[in-house]
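This report concerns only the one structure given below.
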Amino acid sequence: MGWIVGKKELEIVNLVHEHLEKVSATLMSLKNLLEAYLSQQFDHIAELAEQVRVFEHEADVVRRKVENIMYSGAFLPNFRGDLLGIIEAADKVANKAEYVADVLEIERPHIPASLHEEIKRLLDGSIETYNALKQSINYLFEDLNRVVEFVDETEVKEHEVDGIERNLLRKIFSMQDISHGQKMHLKDLIRSLADIADRAEDCSDRVQIVSLKRRV
């Protein structure tokens, strides 16, 4: 971290790490919620959905702190904008997790038991995609040579999620025992779970560009 020279810069780096952990906590809370939902522990759904919202809000608070310090003059202007773009893109991962929590708590979609394991795999894959992204951002401040390794891993994981998503959608629309409305409801849930990985990959594209610029 030799290029981080001031207190403001160091404070921002620490806050970026904190923000990434808050997004992780949001995703893990969603995993807990999904598992409770699939095992029909409906008494706990409201509480678990609220945990997702709490962590998403905490991520927002940290993001705003970063913005406030950044605009007070930390980092050079060109890198300042790049880093803000990365944080805002990472924050969208937590936003999508909150959306899924709302779907589960408020809309209560019917999820056939035959889809449970694959839906769990879908969310796990999205979380793995985000974890690879998180590593790539951490290495922006530590070792630029390793950033590309985790950008590539993010892309690989997102591609795996795409495959699980397509397979689930094929299964859903081939089912004879649920209505078209239920299929569309499930489609929204599946797409939203996969969107977590999509948003992580979108953010990793920004990370790659910033790492390339910092090498110049």
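Being a predicted model, the structure only gives us computed values, none of them experimental. Positions are given from 1 along the sequence.
Between E201 and K157 there is no salt bridge, since no side-chain N of the basic residue sits under 4.0 Å from a carboxylate O of the acidic one. Under a 4.0 Å N-O distance rule, the pair R63/D60 qualifies as a salt bridge. Using a cutoff of 4.0 Å between basic side-chain nitrogens and carboxylate oxygens, E35 and K31 are scored as salt-bridged. We find that E56 and R53 are not joined by a salt bridge, their nearest charged nitrogen and carboxylate oxygen being 4.0 Å or further apart.
Between E165 and L122, the closest side-chain pair of non-hydrogen atoms falls below 4.5 Å. Residues D162 and D198 are in side-chain contact: their nearest non-hydrogen atoms beyond the backbone lie under 4.5 Å apart. Y37 places a side-chain heavy atom less than 4.5 Å from the side chain of R108. By the 4.5 Å heavy-atom criterion applied to side chains, I127 and M28 are counted as neighbours. No side-chain heavy atom of V16 sits under 4.5 Å from any side-chain heavy atom of L140. Looking at heavy atoms from C-beta onward, D152 lies out of side-chain contact with V156 at the 4.5 angstrom threshold. Looking only at side-chain heavy atoms (C-beta outward), I196 and L30 come within less than 4.5 Å of each other. Between I178 and L186, the closest side-chain pair of non-hydrogen atoms falls below 4.5 Å.
Residues L168 and F173 are members of one and the same hydrophobic cluster, defined by side-chain heavy-atom contacts under 4.5 angstrom among Ile, Leu, Val, Met, Phe, Trp and Tyr. I86 and V148 end up in different hydrophobic clusters when Ile, Leu, Val, Met, Phe, Trp and Tyr side chains are linked at under 4.5 Å. Criterion: ILVMFWY side-chain heavy atoms under 4.5 Å apart, direct or through other members. Under it, V54 and L20 are not part of a common hydrophobic cluster. With hydrophobic clusters built from ILVMFWY side chains whose heavy atoms lie under 4.5 angstrom apart, I87 does not share a cluster with V61. When hydrophobic clusters are built by joining Ile, Leu, Val, Met, Phe, Trp and Tyr residues whose side-chain heavy atoms come closer than 4.5 Å, directly or via intermediates, M184 is grouped together with L115.
Without hydrogens or angle criteria, S126 side chain to L193 main chain gives a donor-acceptor distance under 3.5 Å. Looking at E107, its side chain never comes within 3.5 Å of a backbone N or O of E105 through a donor-acceptor pair. The main-chain N or O of K92 is found under 3.5 Å from a side-chain atom of R199 such that the two form a donor-acceptor pair. When atom types are taken as modelled, the side chain of S204 and the backbone of L133 share no donor-acceptor pair closer than 3.5 angstrom.
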Hey, mind stepping through K120 and L38 against side-chain contact (heavy atoms from CB on, under 4.5 Å) and telling me if it holds? CA-CA 9 Å; K120 288 180 189 176; L38 294 176; 3.8 Å; yes
Is there a salt bridge (charged side-chain N to carboxylate O under 4.0 Å, His left out) between R64 and E67? Walk through the geometry before answering. CA-CA 5 Å; R64 284 193 290 272; E67 289 172 350; over 6 Å; no
Verify side-chain contact (heavy atoms from CB on, under 4.5 Å) between K187 and I190, making sure each step is shown before the conclusion. CA-CA 5 Å; K187 177 184 174 183; I190 300 307; 5.9 Å; no
Dump the intermediate steps for side-chain contact (heavy atoms from CB on, under 4.5 Å) on S211 and V151, then the final yes or no. CA-CA 10 Å; S211 72; V151 166; 5.9 Å; no
I'd like to know whether D82 forms a side-chain contact (heavy atoms from CB on, under 4.5 Å) with R206, so could you lay out the CA-CA distance, the side-chain angles of the two residues, the decisive distance to 0.1 Å, and finally the verdict. CA-CA 8 Å; D82 288 338; R206 288 175 174 267; over 6 Å; no
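Here E88 contributes atom CD and L83 contributes atom CG; the two are 10.0 Å apart, rounded to the nearest 0.5 Å. M175 CE to S114 OG: the interatomic distance, rounded to the nearest 0.5 Å, is 3.5 Å. Atom CG in L169 sits 5.0 Å away from atom CZ in R191 (nearest 0.5 Å). Atoms NZ and NE2, from K134 and H17 in turn, are 11.0 Å apart once rounded to the nearest 0.5 Å. Atom CG of L27 is separated from atom CG of D124 by 11.0 Å, given to the nearest 0.5 angstrom. Rounded to the nearest 0.5 Å, atoms CG (L34) and CG (L48) are 11.0 Å apart.
Heavy-atom contacts from other residues, nucleotides or ligands closer than 6.0 Å to NZ of K65 number 12 or fewer.
A donor atom on one side chain and an acceptor atom on the other are found under 3.5 Å apart for N167 and E118.
Residues that satisfy the ring pair (Phe, Tyr, Trp, His ring centres under 6.0 Å) test with F55, not counting sequence neighbours, are absent from this structure.
Shown here for A49 and A101, the closest heavy-atom pair between the two residues is CB-O, 4.2 Å. Contact between S192 and Y99 at its shortest, heavy atoms only, is OG-CE2, 3.2 Å. Closest heavy-atom contact between E158 and T129: N-OG1, 3.6 Å. For the pair A200 and V93, the tightest heavy-atom approach, listed with the atom from each and the gap, is N-CG2, 3.8 Å. Residues A97 and V52 come closest through the heavy atom pair O-CG1, 3.9 Å. Taking both residues in full, the closest heavy atoms of V23 and A59 are given as CG2-CB, 4.3 Å, listed atom of the first, atom of the second, then distance.
Using cut-offs of 30° and 60° on the angle between ring planes, the pair F79 and F141 is perpendicular.
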